Structure formats: C-alpha cells, structure tokens
Trainee: 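Please find one structure pasted underneath; my questions will follow.
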Amino acid sequence: MAIADRLLTLVHTTAQDVFAALRANPTPLQAVVVEEPSIADHGDYATNAAMVLAKELGAPPRVIAEQLAEGLRADAMVDRVTIAGPGFLNFWIAPDALARELVTLLDRGVEYFRPDIGHGATVQVEFVSANPTGPLHVGNGWLATYGDALSRLLEFVNYRVTREYYVNDTGGQIRQLGASIIAVRSGAEVPEGGYRGEYISDLALRYHGSDDVVEAGSWAVPIILELIRATLVSLGIEMDSWFSQASIEESGDVALVVARLDATGATYQRDGALWFASERFGDSRDRVMRKSNGDFTYLAGDIAYHYNKLVIRSFSLVIDVLGADHHGQVASMMAAIRALGIDEHRLEIKLGQMVSLLEQGQAVKFSKRAGTAIPLDWLIQELGRDATRLLILSSSIDRASQIDLVQAKAQSMENPVYYVQYAYARIAALLRNVASRQIRVEVGSSDALAGLNHPRELALMKDLLRLESVIVRAVEERAPHKIVGWLMQMASDFHGFYHDCPVITAEPSVRDARLTLARAAQLALGVALDLLGVTPPEEM
RNA sequence: GCCCCUGUAGCUCAGCGGAUAGAGCAGCUGCCUUCUAAGCAGUCGGUCGUAGGUUCGAGUCCUACCGGGGGCGCCA
C-alpha cells in the first residue's frame, strides 16, 4: 500500500479513537482526504480530517486536531505533525519510513506501480475507425494516440485489452470514393461530395476495373487501409482487430438485433419505415431502423455492431473513442443498450473534442473531401513520433485543442518530450559510468537509504511514491494526460537532484544511496513513458 | 430552440472542494575545468469569462448570462 493510503488508514483509526473518547457515534469519513500540499512548509502530506470531524461533532476544528495529532504522532511512520490554518494536520514522514518504502519499491520493480484494477477482465477499446476513404489527418491522430495510451493504461492495470478499428467499408462514402476514382481516371470533374487529393490520382492510375462505383470503391478500401495502418504504426500504434461493417451486414446480425428490439415491443411502423422507440429509453427522439426502401440504417448496423461486442464477443467493458461530431449517436446507442437489456455500464463512450489548426491566428478545419486536411504523416515526419505523441497526450481530450503548426514545428527542438526523455537518458548514462569505472555498488539497505534527506532527494522519493495513485486516477478518469503531468514534475525534480546532488563523486555510502534512488527513478520514468508510448532513450 | 464540451499568464495548456493558482514556449538576468547545459537558479507576467448561490473553505460544485467548438437526417 502506498504511503498516502497507509496514512489515510491511520487517520481513520485515530478518528475512531476520538469518537470513542468523546463518546460520539462514529460517522462516515468519505470526505476525509490525505493529500500532498503544494507548499513544503505544509508537510509531506496533509489531511482535512479535523475540519470534517469538527462539522460532525460540533466542536472547534483545532480542538479536534489536537486530539488527532496526539494519536498520529504515536505512529512510527510519522516524524512530525503540526496543526495549521483552519485546522489542517500536516505530517512529515520519518526518513527511515521513506527509505523502507524505497527498498520495497526496488524489490517489487515495475509491479510496485501496478494497481490491480482490471482483475483480468476483457475490455475492448474502439478507436480511430476513420472512414477508409483517405489517409489519416492530424485530427485522427489525436484520438488515435489517446485511444492507444488509454489502452496501454488499461493493460498496465490488468485488463485484457483489444484495440479495434471499425472499418466503414460499405455505404454511401464508399460509392463516393469509387465515383471519385472513376471520375479522375476519365479526366472528369470529381463529383459533388467526392474526394480529392493526390492519393485519388494515384488510385485512379492503378485502377483497371469497371466503371461501377461500388467495385472501384471496394477495390480501393484495402489499399487505403494499408496506408492508414502504416501511419498508425509510425505513431507506435498497432490495432489487434479490424472489424468490417460489411461483415456485420452480411452476417444477418442486423436483422437479428432489430428482431430482438421488435420482440421487446421497442419498435413500431410509421410511414413505411420501422422505428425504434428510443425516446422511451432516454433518447431525444425516436430513430429509424429500417427505411421505407427496406435498407437498414447506419444506426441499426451500429447497434448490431455493439451487440456483437457486448453479447456475441462478450467483452466485459467496451470503450468507444469518438470525435465530438459523433455526439448525436450517443443517446441513441445507449437507448439501444438499455432496450436490449444490457448493463449500460458496460459501454462507455468517450468523446474527444475537435482539433483545429491555427494558421496565422485563423482556425482551419479539416475536410477530407475538400482536401484541406493536413495529413497525420506530415505531422509525424515534422515532429517525430515521440514529440507528436507527447504533444497530443499533454492535454485533456475534453478540450478543443488548437495547434499552431508553425509554432509546433519551431518548438520541436524545445518540446517537453526531450526534457522528460533527457532525465531518463541521464540516469542511463550515470549507470553506464558506474559500470565502466568498475565501481562496486552496495545497493540500498534501508539504513543507508535513510541518509537520503537532501530536499532534492526527498522530492524525488515523494514523486516515486505518488506514481501509483496518479496511475489510478488516470485510469479511473480515462485521462492519460495525467501521466504527462506526473512525468513533467518527475523530470523537473530529477534534473534538480542531478544538478545539486553529485552521485559518482560522492563518498561511497552517499553515492550508493543516490544511485539506488536514481535507479528507482529510472524505473518509474520508464513505466510512465511506456504508458504513453514514448521511447525511453539510453542516450541523447 | 434543445443536448455535449469548453473559457486559467502574451501563446499552448495543467490544476483531487483546501492553505500563497502552476508548467512549457515567448521576454529579461545569472550558472559549464566538475556524473550529458536537450540542464539548473532567478525574474517578468493572473479581475481563473461575468453575476449570484452552496460551503468553515470555490479556478474546482449549483444556477443564470456572455463568448468559443461540436451535435440535433428514412446520410454514414
């Protein structure tokens, strides 16, 4: 258990003692938290327990705080407790307790940072799923990287993850694609709503089939998918599964699912079409399942696809990563899940807000059809894989990012990714130097490590002990960008340590303790970088 | 009109209901004879969109308003 969690437990038990002493009934303590103050004078950790209890007990916070402090001081883990402000309890952790924790960390290795949240459950993350009508653009890169980092996080906390790309290989846009290729081949204008761009010209040169738009479109899909796959690989992303929309339609599952909705009385006929009464299940209006011409709608196919994921393939959890332009589908899909009697908590839909490019202060929207989309390949080539990933992962997907490409490129050598990677590389260099100088290192007994009490060393240790809880939060909130926040702090603290605390030239006991700390830091940096899919470089 | 996201430093963005709101970039000033200066230290820069409310305590929660983005098809 992490130190903060152990402290919270300690605060809880001490609170029970206070209740008993006051002959008061114990009350729930959910509001009690242990946190790390941003100000060093406020201790290594702090709790609001006295203020919460004061409310429950109707006594002044500082009086309660005195009683709590009494009990807390008795614990060996706690070095010092002070009462401050409106009734905060500030703790300082005993150096030997930190040292023991560091020993445990090194003993357990990567596992030290791994909370078992998933318990081996299966989860499918569906992301990218861009129509196979052209190369990925920069906007696709955002959600692709988010989806991959989320998948890495879930894998780390013991989910069995399947990364899936839903291939919309049927329908109107495939006909448009075919029509565009045929038009360019015959030297005609690309039709209204068609696709433009160099790749269309390339395809037109290679296409030797008939003038049937479906044939031409279907012919092009696998070629374009291969381009997409290659782009993803260059971003460090490999899908486990490419799921064809056409295959769902051919399987008969669409009819099956519509029949199931029918059987539960959730559908009705109107104007020659079959409707799903989705409003009864929380949608803003009802939706058509089968058009008056007999074809199923996209939504019907999409419901069948989700039925396939949740029932036929029976993933415990399904996460759809979609662009905010798919917001309109969410309520309909959730309504269908409820109508089919599936536990709605098994489907999560994460909406990523739109990304826009800034060109001379003006926002430029992506349009594949108009040919104004900036290719993702271009961005990766300009910035490199690691800088691209970190740029994308440093902010929340709830925010509509604006990226100034000129600035992004100009800053590529100043990208924060190098700051973080440099910390890792510096440790690698340290360890190489130790090896090449044939220094014998006695790795860390907790006694030796208790000598680590320089402020830089303490800051580093606290970062190490915090990583697990950061990972928990990042997973729970589906927010990989929280890992970036930790990495920046960790890198900053490491560079400060490196600057102020010589390692190899220090006397042997100090040197060995610092080397041990550096090793732990490298381990943690490696875990965090790996969660983001960013390379941990041995040298720079 | 209704629904979702959002508004924090010049720019791009972090920020668990807690104490004196942070980082990177841009600007200014120092620090390489010393384990990698892709670094460290300092400095400049803020009515956290506005107004109410809840709370011992609000950038964070609630309401209204203002601004920005997206969505509301028998398209996919």
Side-chain angles (χ1 to χ4, degrees), chain A residues 31 33 35-39 41-42 46 48 51-52 54-55 60-61 84-88 90 131 168 170-174 176 193 245 270-275 284-285 287-293 295-299 301-302 323-331 351-354 356 358 361 363 365 391 394-404 407-408 410-411 413-423 425-434 437 469 473 477 481-482 484-485 488-489 491-492 494-496 498-506 511 514-515 518 539-540:
Chain A
V33 295
E35 60 187 359
E36 290 181 64
S38 49
I39 296 160
D41 286 348
H42 295 160
N48 61 349
M51 288 173 292
V52 174
K55 193 176 191 174
F88 287 102
N90 298 327
N131 285 339
N168 292 166
T170 176
Q173 80 274 7
I174 298 301
Q176 285 288 0
Q245 183 184 350
R270 188 177 61 186
D271 302 334
L274 181 72
W275 292 71
S284 57
R285 59 182 287 265
R287 308 283 167 177
V288 173
M289 290 285 100
R290 193 169 53 231
K291 308 181 211 172
S292 49
N293 70 4
D295 290 348
F296 288 111
T297 56
Y298 175 83
L299 176 62
D302 209 21
D325 53 338
H326 290 77
H327 168 63
Q329 300 167 213
V330 175
L351 292 179
Q353 298 302 309
M354 300 281 97
S356 58
L358 283 179
K365 297 217 181 78
L391 170 73
S394 15
S395 57
S396 158
I397 60 157
D398 291 337
R399 173 190 283 265
S401 296
Q402 301 210 327
I403 170 172
D404 185 327
Q407 193 181 321
Q411 285 177 7
M413 285 311 290
E414 303 295 334
N415 193 291
V417 75
Y418 300 110
Y419 185 75
V420 173
Q421 289 182 313
Y422 189 45
R426 274 181 147 178
I427 300 172
L430 260 184
L431 298 177
R432 276 196 304 274
N433 284 332
V434 168
R437 292 175 199 202
S469 66
R473 286 186 57 83
E477 296 176 29
H481 77 276
K482 302 214 175 257
V484 178
M488 293 298 289
Q489 181 67 52
S492 169
F494 178 79
H495 288 308
Y498 186 90
H499 190 264
D500 289 354
C501 301
V503 177
I504 291 174
T505 55
R511 177 197 67 200
R514 286 179 176 168
L515 267 174
E539 56 186 331
M540 286 173 72

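Here is how names work: the chains are called A, B, and so on, in the same order as the sequence lines, proteins then strands, and each is numbered from 1. Owing to the predicted nature of the structure, the values given are computational and were not obtained by experimental measurement.
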Trainee: Identify whether any heavy atom of A:Q489 sits under 4.0 Å from a base atom; if not, whether one sits that close to sugar-phosphate; answer base, sugar-phosphate or nothing.
Mentor: nothing
Trainee: Quick check for you: to the nearest 0.5 Å, what is the distance between A:D302 atom CG and A:H326 atom NE2?
Mentor: 8.5 Å
Trainee: Just checking A:D302: base, sugar-phosphate only, or nothing, at a heavy-atom cut-off of under 4.0 Å?
Mentor: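 Since no nucleic acid heavy atom lies under 4.0 Å of A:D302, the category is nothing.
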Trainee: Using only heavy-atom distances, decide whether a donor-acceptor pair under 3.5 angstrom links the side-chain of A:H327 to the base of B:C3.
Mentor: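 Flag set: donor-acceptor pair detected.
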Trainee: Please give the stem ranges for RNA chain B, sorted by first residue number, where a stem is three or more consecutive Watson-Crick or G-U pairs and both donor-acceptor distances are under 3.5 Å.
Mentor: B:1-7 with B:66-72, B:10-13 with B:22-25, B:27-31 with B:39-43, B:49-53 with B:61-65
Trainee: To the nearest angstrom, how far is A:D325 atom CG from B:C5 atom C1'?
Mentor: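 Going from A:D325 (CG) to B:C5 (C1'), I get 13 Å.
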Trainee: By side chain to side chain contact (heavy atoms under 4.5 Å, CB included), which residues pair with A:V52, not counting sequence neighbours?
Mentor: A:A31, A:V32, A:N48
Trainee: Has A:F88 got its ring stacked on the base of B:G18, with centres under 5.5 Å and planes less than 30° apart?
Mentor: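 Stack criterion not met.
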Trainee: Contact class for A:A331 (heavy atom, under 4.0 Å): base, sugar-phosphate, or nothing?
Mentor: nothing
Trainee: Without decimals, in angstroms, what is the distance between A:K482 NZ and B:G22 P?
Mentor: 17 Å
Trainee: With a non-hydrogen cut-off below 4.0 angstrom, is A:S38 in contact with a base, only sugar-phosphate, or nothing?
Mentor: nothing
Trainee: Which part of the nucleic acid, if any, lies within contact of A:R285, taking any heavy atom under 4.0 Å across all strands shown: a base, the sugar-phosphate backbone alone, or nothing?
Mentor: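 Contact class for A:R285: sugar-phosphate only.
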Trainee: In whole Å, I'd like the distance from the OH atom of A:Y498 to the C1' atom of B:A41.
Mentor: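 It works out to 17 Å between those atoms.
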Trainee: Rounded to the nearest 0.5 Å, what's the gap from CG on A:L274 to CZ on A:R287? Could you check?
Mentor: 15.0 Å
Trainee: Within the structure provided, determine whether A:P502 and A:R514 are in side-chain contact (heavy-atom separation under 4.5 Å).
Mentor: yes
Trainee: Measure NE2/A:H326 against C1'/B:C5 and give the value in whole Å, please.
Mentor: 16 Å
Trainee: Excluding sequence neighbours, so at least two apart, what forms side-chain hydrogen bond (donor to acceptor under 3.5 Å, both in side chains) with A:R432?
Mentor: none
Trainee: By nearest atom, which of the nucleotides B:A19, B:G39, B:C13 is closest to the A:S401 side chain?
Mentor: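 Of the options given, the side chain of A:S401 lies nearest B:C13.
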Trainee: How many angstroms lie between atom CG of A:D41 and atom CG of A:N90, to the nearest 0.5 angstrom?
Mentor: 9.0 Å
Trainee: Starting at atom CD1 of A:I397, determine the distance to atom P of B:C4, rounded to an integer number of angstrom.
Mentor: 17 Å
Trainee: Return no unless some side-chain N or O of A:H481 is found under 4.0 Å from OP1 or OP2 of B:G15.
Mentor: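 For B:G15, OP1/OP2 do have a side-chain N/O of A:H481 under 4.0 Å.
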Trainee: Could you go over nucleotides 56-63 of chain B and give all protein N or O partners under 3.5 Å, atom names and distances?
Mentor:
none

Trainee: Kindly compute the distance separating NE2 (A:H481) from OG (A:S395), expressed to the nearest 0.5 Å.
Mentor: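 Output value for this atom pair is 7.5 Å.
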Trainee: OP1, OP2 of B:C40 versus side-chain N and O of A:Y419: anything below 4.0 Å?
Mentor: yes
Trainee: Report yes if at least one side-chain N or O of A:R399 is closer than 4.0 Å to OP1 or OP2 of B:G7; otherwise report no.
Mentor: yes
Trainee: Are the ring of A:H42 and the base ring of B:A19 both nearer than 5.5 Å at their centres and tilted by less than 30°?
Mentor: yes
Trainee: Applying side chain to side chain contact (heavy atoms under 4.5 Å, CB included), name anything that partners A:I427, two or more places apart in sequence or on another chain.
Mentor: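 A:I427 satisfies side chain to side chain contact (heavy atoms under 4.5 Å, CB included) with A:L431, A:F494, A:A518, A:A521, A:Q522, A:L525 once adjacent residues are dropped.
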Trainee: Of the nucleotides B:G24, B:A76, B:G70, which has the atom closest to the A:M354 side chain?
Mentor: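 So the nucleotide nearest the side chain must be B:G70.
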Trainee: Can you identify which nucleotide, out of B:A14, B:A76, B:U12, has its nearest atom closest to the A:S396 side chain?
Mentor: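 Minimum distance to the A:S396 side chain belongs to B:A14.
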Trainee: In terms of side-chain heavy atoms of A:D398, which of B:U36, B:U6, B:G39 is nearest?
Mentor: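 In terms of side-chain proximity for A:D398, the closest of B:U36, B:U6, B:G39 is B:U6.
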Trainee: What does A:Y422 touch in the nucleic acid at a heavy-atom separation under 4.0 angstrom: a base, only the sugar-phosphate, or nothing?
Mentor: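 The answer is base, as A:Y422 lies within the cut-off (heavy atoms under 4.0 Å) of a base atom.
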Trainee: Rounded to the nearest 0.5 Å, what separation is found between the CZ atom of A:R290 and the CG atom of A:D295?
Mentor: 10.5 Å
Trainee: Between C1' on B:A37 and CG on A:D500, what's the gap in Å once rounded to a whole number?
Mentor: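 It is 14 Å, rounded to the nearest whole Å.
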Trainee: Between A:A400 and A:L299, who's closer to the 5' end of RNA chain B by nearest nucleotide?
Mentor: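 Of the two residues, A:A400 wins.
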Trainee: Is B:C5 in the syn or the anti form, by the rule that syn lies within 90° of 0?
Mentor: anti
Trainee: May I ask you to verify if any side-chain N or O of A:N433 is less than 4.0 angstrom from the OP1 or OP2 atom of B:U36?
Mentor: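 For B:U36, OP1/OP2 do have a side-chain N/O of A:N433 under 4.0 Å.
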Trainee: Rounding to a whole Å, what distance do you find between A:F494:CZ and B:A23:C1'?
Mentor: 20 Å
Trainee: If you check the A:E35 side chain, which of B:G39, B:C4, B:G18 turns out closest?
Mentor: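 Nucleotide nearest to A:E35's side chain: B:G18.
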Trainee: Looking only at side-chain atoms of A:N131, point me to the closest of B:A14, B:A76, B:U36.
Mentor: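 The closest nucleotide is B:A76.
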Trainee: From the set B:A76, B:C40, B:C16, return the single nucleotide nearest to any side-chain atom of A:H499.
Mentor: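 For the A:H499 side chain, the nearest candidate turns out to be B:C40.
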Trainee: Side chain of A:M488 only, please: which of B:G39, B:C35, B:G24 is the nearest?
Mentor: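 Ranking B:G39, B:C35, B:G24 by closest atom to the A:M488 side chain puts B:G24 first.
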Trainee: At 4.0 Å (heavy atoms only), tell me whether A:V33 reaches a base, stays on the sugar-phosphate, or touches nothing.
Mentor: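 No contact.
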Trainee: Hey, what do you get for CD (A:E477) to NZ (A:K482), rounding to the nearest 0.5 Å?
Mentor: 4.5 Å
Trainee: Distance check: side-chain N/O of A:Q173 vs OP1/OP2 of B:A76, anything under 4.0 Å?
Mentor: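 For A:Q173, the contact criterion (side-chain N or O under 4.0 Å from OP1 or OP2 of B:A76) is not met.
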Trainee: How would you label the contact of A:N48 with the nucleic acid (heavy atoms, under 4.0 Å): base, sugar-phosphate, or nothing?
Mentor: base
Trainee: Contact class for A:N90 vs. all strands (heavy atom < 4.0 Å): base, sugar-phosphate, or nothing?
Mentor: base
Trainee: Taking any heavy-atom pair under 4.0 Å as a contact, classify A:A423: base, sugar-phosphate, or nothing.
Mentor: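 No contact.
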Trainee: Please classify the nucleic acid contact of A:A425 as base, sugar-phosphate, or nothing, using heavy-atom distances under 4.0 Å.
Mentor: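 Base, at least one base atom sits under 4.0 Å.
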Trainee: Identify whether any heavy atom of A:S292 sits under 4.0 Å from a base atom; if not, whether one sits that close to sugar-phosphate; answer base, sugar-phosphate or nothing.
Mentor: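 A:S292: base contact, heavy atoms under 4.0 Å.
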Trainee: Regarding A:Q421, tell me which of base, sugar-phosphate or nothing describes its non-hydrogen contacts under 4.0 Å with the strands shown.
Mentor: nothing
Trainee: Closer than 4.0 Å, any side-chain N/O of A:K291 to the OP1 or OP2 of B:G73?
Mentor: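 No, outside the criterion.
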Trainee: Only counting residues at least two apart or in another chain, list the ones meeting side-chain hydrogen bond (donor to acceptor under 3.5 Å, both in side chains) with A:H495.
Mentor: A:R426
Trainee: Could you give the CD-to-C1' distance, from A:Q329 to B:G70, as a whole number of Å?
Mentor: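 Interatomic distance, CD of A:Q329 to C1' of B:G70: 13 Å.
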Trainee: Verify, without hydrogens or angle tests, whether A:Q245 (side chain) and A:G171 (backbone) share a donor-acceptor contact under 3.5 angstrom.
Mentor: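 No, A:Q245 side chain to A:G171 backbone: no donor-acceptor pair under 3.5 Å.
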